Every structure is written in C-alpha cells, then in structure tokens.
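Owing to the predicted nature of the structure, the values given are computational and were not obtained by experimental measurement.
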Amino acid sequence: MGLSSPTRALMCVGLMLVLVLGSASHQRSHHQTYRQALPGTDLTIEMVAIPGGTFTMGSPETESGRQDDEGPAHEVSISPFWMSKVEITWDLYSLFMERDIDKLQPRFPADDEVSLAVDGISGATTPYTDMSFGMGTDGFPAVSMTHHAASTFCAWLSAMTGRFYRLPTEAEWEYACRAGSTGPYHCETSALDAHAWHQGNSGGHYHRAGAKRPNAWGLHDMHGNVAEWTLDQYHPGGYQRFAGRVTSNPYVKPDRTYPRVVRGGSWKDDATRLRSAARLPSDKRWKARDPQIPKSKWWHTDASFVGFRIVRPVKTPSPQEQRAYWGM
C-alpha cells in the first residue's frame with residue numbers, strides 16, 4: 001500500500017535529521033570533523049578531528065625565547081579527540097550569558113554522553129562594563145572570562161547538546177598546536193605573520209576568529225589573537241616528574257584557583273610568547289580593576305587577552321569525571 005503525502009514528508013524530515021545530526025556513537029567510531037549545532041539558533045561550532053599520537057612536549061634548551069618552565073622536554077602520548085576550529089566567539093558565549101531558555105531549550109533527545117539539566121547550571125553574571133573593550137563581538141573571540149566561567153560554559157554546552165565538552169589539557173593543547181611540527185611554531189618562523197596576530201601586527205587589539213592561516217590540522221589562531229585557558233594547574237617545575245619516560249594523557253588536576261595554565265600567546269604579546277611550548281600562569285591581578293566586593297568569579301577585568309577553545313574526547317569519561325573536569 002502506498003504511503004500518503006504527509007507520511008512521506010514526515011519520513012523525509014526524520015531522515016534529514018539523522019543525516020544532519022548523526023549519532024554520537026557513529027561520530028565517535030569514525031572520528032571525523034563535524035559541526036555542532038546550537039539548538040534554537042543558526043550558530044554552529046566546527047569540531048576538528050585530532051588524531052591520537054606521541055610527541056615531544058616542551059622546548060629544547062637551544063630554542064630562542066625559551067623559559068625554564070618549558071623543560072625538560074619529554075615524550076607524551078595523546079588519545080584522539082576533537083577540538084574547536086577557532087576560539088569560542090562572543091556570539092556563542094553571549095548565549096551562555098543571556099540564558100534564553102525558551103529560545104535555547106534543546107530540541108532533540110540527548111545522546112548517551114551527558115545527562116545534565118541546563119537549568120541546573122549557573123550562568124555568568126552580566127559584567128559591569130563591556131568586556132570586549134570595544135574590540136569587536138560579532139565573530140570575534142570572547143575574552144576576559146575566568147577559568148571557572150570557561151569551564152561552566154563547557155558544562156552548559158554539554159547540557160545543551162548531550163555531548164561532553166571541556167577545556168583541553170595543557171598536553172592536548174600543545175599537541176594540537178604543533179600538529180606534527182617540532183620547531184618553535186607550527187609554521188616556519190618567517191611565516192608567523194600569516195598565521196598569527198601578535199604585538200607586532202595586531203594594531204593593539206584582537207581580530208576576528210579564523211582570519212589567519214590554520215595549522216596543518218586545520219586549527220586557526222593557535223598562535224596569538226587571544227591566549228587560551230587549559231585545564232591544568234600551573235607548576236613552574238612540573239615537567240620534572242615526566243622526564244625520561246613516555247606519559248599518557250598527562251593532566252595536572254587543579255587544587256587551587258591560581259595559577260592555571262594559559263597557552264598560545266595573544267595580540268599584545270611579543271612573538272616569542274606565541275611559541276608552541278610557551279606557558280603563562282594565570283594571576284589574581286587580572287581582577288585588579290574589578291570594583292565588586294567580593295570580586296567576580298566570572299570575569300577578569302584585566303585579561304582582555306585571554307579566551308578559550310573547547311575539546312571533546314573520543315572516549316567519554318564517567319559522569320563523576322565529567323563534573324570534576326567542569327569543577328562542579
């Protein structure tokens with residue numbers, strides 16, 4: 001018996017949803033680049049598939065601009081994951097801030113990665129001043145948020161999509177930045193201006209995400225534009241514990257608010273601070289101009305150079321591990 005027109009239409013719509021969204025298990029098994037839609041909006045996040053592998057983390061003593069906290073160089077093995085092609089932009093971060101539940105309520109059943117209620121996640125408070133400092137919002141990287149705020153965004157996005165997102169570990173970040181390279185940058189030093197915004201070419205402000213050339217794995221702005229939060233606690237001599245052996249997926253779990261590791265350098269940094277191995281510790285002085293008492297846990301009034309990007313591991317951690325990554 002033939003199908004009615006309405007029935008055929010419904011079947012076509014269902015098939016289109018399957019093709020567009022895909023299942024989490026299918027994407028995990030094939031580990032392909034995909035676009036994460038934000039329910040209720042036309043915004044997407046392109047998630048680039050990063051292959052697993054082993055690399056040398058840190059820098060050799062002979063590297064120009066090297067700091068003591070970048071050594072000793074050591075071997076690290078990294079499991080496959082996805083990383084956002086560009087830094088999280090104000091367009092996306094504003095959705096987290098505004099919390100328009102009626103508009104953003106998830107439209108489709110969540111997959112099996114995350115079980116978390118959107119309305120159970122605290123939203124960032126509205127800052128007392130424009131945290132973009134007039135440098136741009138439409139397509140420009142979000143900045144000035146605290147590590148706590150960036151991690152909470154990841155929890156919110158996970159609840160919205162049913163897929164587990166978090167900040168990258170320091171090791172994942174350097175591995176993805178290098179994209180198989182071994183020098184100071186993921187490109188030739190002479191080509192840095194084509195790949196990165198820094199003090200010498202930025203004009204004193206950040207720029208639209210993805211405007212420069214990507215690295216070999218298709219990631220933009222890993223060098224410069226805005227520096228990026230990672231999950232790890234910062235220890236200046238932390239690499240000593242990894243010397244002389246291959247470490248699998250290292251992660252220095254935070255035990256205090258400061259300092260955390262920031263990577264990549266920014267629009268206001270000298271080019272040497274953009275190197276793949278360069279590390280920056282966060283500092284409570286990044287809240288110096290915050291007039292609130294107590295100072296905001298969501299905003300760094302003096303860190304217009306810090307933003308973040310997200311990752312999604314191929315192997316999904318347990319619910320308890322997920323909450324620990326988010327600091328919940």
Side-chain angles (χ1 to χ4, degrees), residues 24-25 27-34 47-59 69-85 112-114 147 150-151 154-155 157-158 163-182 186 215-219 222 228-256 259-264 276-282 308-328:
S25 59
Q27 288 185 350
R28 284 196 295 268
S29 62
H30 288 77
H31 191 222
Q32 298 174 342
T33 294
Y34 69 96
M47 300 297 297
V48 177
I50 306 298
T54 301
F55 80 112
T56 300
M57 186 173 181
S59 61
D69 64 356
E70 298 169 25
H74 54 286
E75 296 301 300
V76 172
S77 175
I78 298 292
S79 298
F81 60 96
W82 290 274
M83 175 175 267
S84 57
K85 184 176 182 177
D112 61 355
E113 287 188 32
V114 173
H147 190 279
S151 289
C154 293
L157 180 65
S158 299
R163 292 170 177 159
F164 174 65
Y165 293 103
R166 60 167 170 78
L167 296 176
T169 65
E170 183 178 17
E172 287 170 337
W173 191 96
E174 184 172 330
Y175 175 70
C177 177
R178 289 187 177 280
S181 66
T182 58
H186 62 60
N215 70 6
W217 287 346
L219 301 169
M222 295 298 285
E228 301 173 13
W229 287 113
T230 71
L231 278 173
D232 297 56
Q233 189 82 56
Y234 172 83
H235 292 289
Y239 288 1
Q240 295 290 342
R241 76 187 75 177
F242 303 128
R245 59 190 175 92
V246 178
T247 307
S248 179
N249 299 309
Y251 165 47
V252 182
K253 185 177 179 180
D255 55 12
R256 57 190 182 278
R260 306 289 176 89
V261 180
V262 177
R263 286 298 204 114
S276 300
R279 310 170 73 205
L280 175 68
S282 65
F308 69 102
R309 72 180 72 216
I310 60 174
V311 300
R312 177 187 172 206
V314 170
K315 182 179 179 181
T316 304
S318 69
Q320 293 76 19
E321 291 171 324
Q322 292 176 15
R323 289 180 174 274
Y325 282 127
W326 296 326
M328 299 175 67

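Between Arg309 atom CZ and Trp173 atom CH2 the span is 7.5 Å, to the nearest 0.5 Å. A distance of 10.5 Å separates CZ of Arg166 from OG1 of Thr230, quoted to the nearest 0.5 Å. Within the model, atoms CD1 of Ile78 and CG of Asn249 stand 5.0 Å from one another, a figure rounded to the nearest 0.5 Å. Once rounded to the nearest 0.5 Å, the distance linking SG of Cys177 with CD of Glu228 reads 8.5 Å. In this structure, CZ in Arg279 is found 9.0 Å from NE2 in His235, a value given to the nearest 0.5 Å. Here the straight-line distance linking atom OH of Tyr239 with atom OG1 of Thr247 works out to 11.0 Å at 0.5 Å rounding.
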Less than 3.5 Å apart, which donor and acceptor atoms pair up between the side chains of residues 47-59 and the rest of the protein, not counting sequence neighbours?
| from | atom 1 | to | atom 2 | distance (Å) |
| --- | --- | --- | --- | --- |
| Thr56 | OG1 | Glu75 | OE2 | 2.4 |
| Ser59 | OG | Arg66 | NE | 3.2 |
| Ser59 | OG | Glu70 | OE1 | 2.7 |

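In terms of modelled atom types and a separation under 3.5 Å, the side chain of His74 and the main chain of Val246 share no donor-acceptor contact. Although no hydrogens or angles enter the test, the distance criterion places a donor-acceptor pair under 3.5 Å between the side chain of Gln322 and the main chain of Glu113. Panel note: side chain Gln233, backbone Asp255; a donor-acceptor pair is recorded below 3.5 Å. Arg241 places no side-chain N or O within 3.5 Å of a backbone atom of Gly237 that could act as its donor or acceptor partner.
When every heavy atom of Pro254 is checked against every heavy atom of Leu231, the shortest pair comes out as CG-O, 3.2 Å. The minimum heavy-atom distance linking Leu167 with Ala150 is given by the pair CD2-CB, 4.1 Å.
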Checklist entry - Checking side-chain contact (heavy atoms from CB on, under 4.5 Å) for the pair Ser84/Tyr165: CA distance, chi angles, key distance, verdict? => result CA-CA 10 Å; Ser84 57; Tyr165 293 103; over 6 Å; no
Checklist entry - Taking it one step at a time, do Phe308 and His147 satisfy side-chain contact (heavy atoms from CB on, under 4.5 Å)? => result CA-CA 9 Å; Phe308 69 102; His147 190 279; over 6 Å; no
Checklist entry - Between Val252 and Glu170, does a side-chain contact (heavy atoms from CB on, under 4.5 Å) hold up when you go through it step by step? => result CA-CA 9 Å; Val252 182; Glu170 183 178 17; 5.9 Å; no
Item to check | Candidate pair Tyr175 and Val76, rule side-chain contact (heavy atoms from CB on, under 4.5 Å), full reasoning | outcome: CA-CA 9 Å; Tyr175 175 70; Val76 172; over 6 Å; no
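Glu174 meets the salt bridge (Lys or Arg N to Asp or Glu O under 4.0 Å) test with Arg178, Arg263; sequence neighbours excluded.
Looking at heavy atoms from C-beta onward, Trp82 lies in side-chain contact with Val314 at the 4.5 angstrom threshold. Using a 4.5 Å heavy-atom threshold, the side chains of Ser158 and Arg163 count as separate.
Phe164 has its ring centre less than 6.0 Å from the ring centre of Trp326.
Taking a cutoff of 4.0 Å between a charged side-chain nitrogen and a carboxylate oxygen, Glu321 and Lys315 do not qualify as a salt bridge.
One side chain, Arg312 or Tyr34, offers a donor N or O that lies under 3.5 Å from an acceptor on the other.
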